[in-house]
Amino acid sequence: MRRHLISAADLSRDDALLILDTADELAKISERSIKKLPTLRGRTVVNLFFEDSTRTRISFEAAAKRLSADVINFSAKGSSVSKGESLKDTALTLEAMGADAVVIRHGASGAPHRLAGWVRGSVVNAGDGTHEHPTQALLDAFTMRRRLGPLDGRRVTIVGDVLHSRVARSNVLLLATLGAEVTLVAPPTLLPVSVGSWPCAVSYDLDAVLPKSDVVMMLRVQRERMNAAFFPTEREYSRRYGLDRDRVAKMHDDAIVMHPGPMNRGMEIAAEVADSPRSTIVEQVANGVTTRMAVLYLLLGGANLGGEDL
Ligand code: CP
């Protein structure tokens, strides 16, 4: 493993499998009544969030605490960032407090990469602009593997607002590393121009792809990042690219439905689909804690989990 986790492309197949296998071991501990391990006692993890988050922020905090690390939560709102303090000065302030790992979410693509040049500890990208969200891809792969077994040859369809989605890019990169076949389905206006160089196929016809899919991952339509009209109306988007009961009926019996959250219920996914037994959306949140525990454990010097830790 490298010192930082900035992009899913940083992970070799062996690195990714080591994280997923470590998360499997840690999941067993999460089922115990006492969930805490002493592994990162005396280490400090800083959660540095410049953008809103529910799942990622809480699960990194829970992950670090379950490994007995000291946790400092920093939110840009209410900090000296609102007085104009730069990312570099904020980072150096946290560095002075002895951070061993900095988990950063930032609206600017590339912010975690810059941060990695300024601090001595490990940097973990918790979502940067429209660029990447590698721990989301890891928890998604962990969830798929638990439901479906090894991912080699599995067909994963990712649907919706790919243009603004850091989740889509990280998933495509990681799933290709793990041997899955990924198809992106979106209106042409919601695909990045560079998509031709991504290791995946592209389709505009969701109904044609659904029967061949083992996994259908719906993406949130990110209206807050849209400064133009990318589709005629929400109703039209939903009709062409939304996952409702009729479309789910086209999927094979064991296929699963995923969504990274937060969801626009009734737009990209019908509420009854999100709440159905095929849906892994709640599992994804729980798996986020164990997967992020594995990432922190391995970045902060852990090897394979030894008996003394367990
Ligand atoms: N999936 C995800 O990143 O959710 P949050 O924005 O709530 O962290």
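All residue numbers in this chain count up from 1 along the given sequence. Note that ligands are numbered from 1 as they come in the structure, with each ligand's atoms numbered from 1 the same way.
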Applying ring pair (Phe, Tyr, Trp, His ring centres under 6.0 Å), run through Phe49 and His106 and close with a yes or a no.
-> CA-CA 7 Å; Phe49 278 69; His106 201 285; over 10 Å; no

So, Asp152 and Arg13, do they make that salt bridge, N to O below 4.0 Å?
-> yes

Give the residue, atom name and distance (to 0.1 Å) of the protein heavy atom nearest atom 4 (O) of ligand 1.
-> Arg55 NE, 3.1 Å

Please could you name the atoms of ligand 1 that Thr56 approaches to less than 4.0 Å, counting only its heavy atoms?
-> 2 (C), 3 (O), 4 (O), 5 (P), 8 (O)

Glu234 and its salt bridge (charged side-chain N to carboxylate O under 4.0 Å, His left out) partner, picked from Arg240, Arg223, Arg239 | Arg223

Checking Ser238 side chain against Met267 main chain: does a donor-acceptor pair fall under 3.5 Å?
-> yes

Please say whether Asp52 places an N or O atom under 3.5 Å from an N or O atom belonging to ligand 1.
-> no

What atoms of ligand 1 come closer than 4.0 angstrom to any heavy atom of Thr54?
-> 5 (P), 7 (O), 8 (O)

Nearest non-hydrogen protein atom to atom 6 (O) of ligand 1, with distance, is Arg105 NH1, 2.8 Å

Name of the residue among Asn47, Thr56, Asn73 meeting side-chain hydrogen bond (donor to acceptor under 3.5 Å, both in side chains) with Glu61 | Asn73

Ligand 1 contact by His133, heavy-atom criterion under 4.0 angstrom = yes

Does Arg169 come within less than 4.0 Å of Glu132, counting only side-chain N to carboxylate O?
-> no

Indicate yes or no: does an N/O atom of Gly261 lie under 3.5 Å from an N/O atom of ligand 1?
-> yes

Looking at Gly127, Ser59, Ser53, Pro260, the heavy atom closest to atom 1 (N) of ligand 1 belongs to Pro260

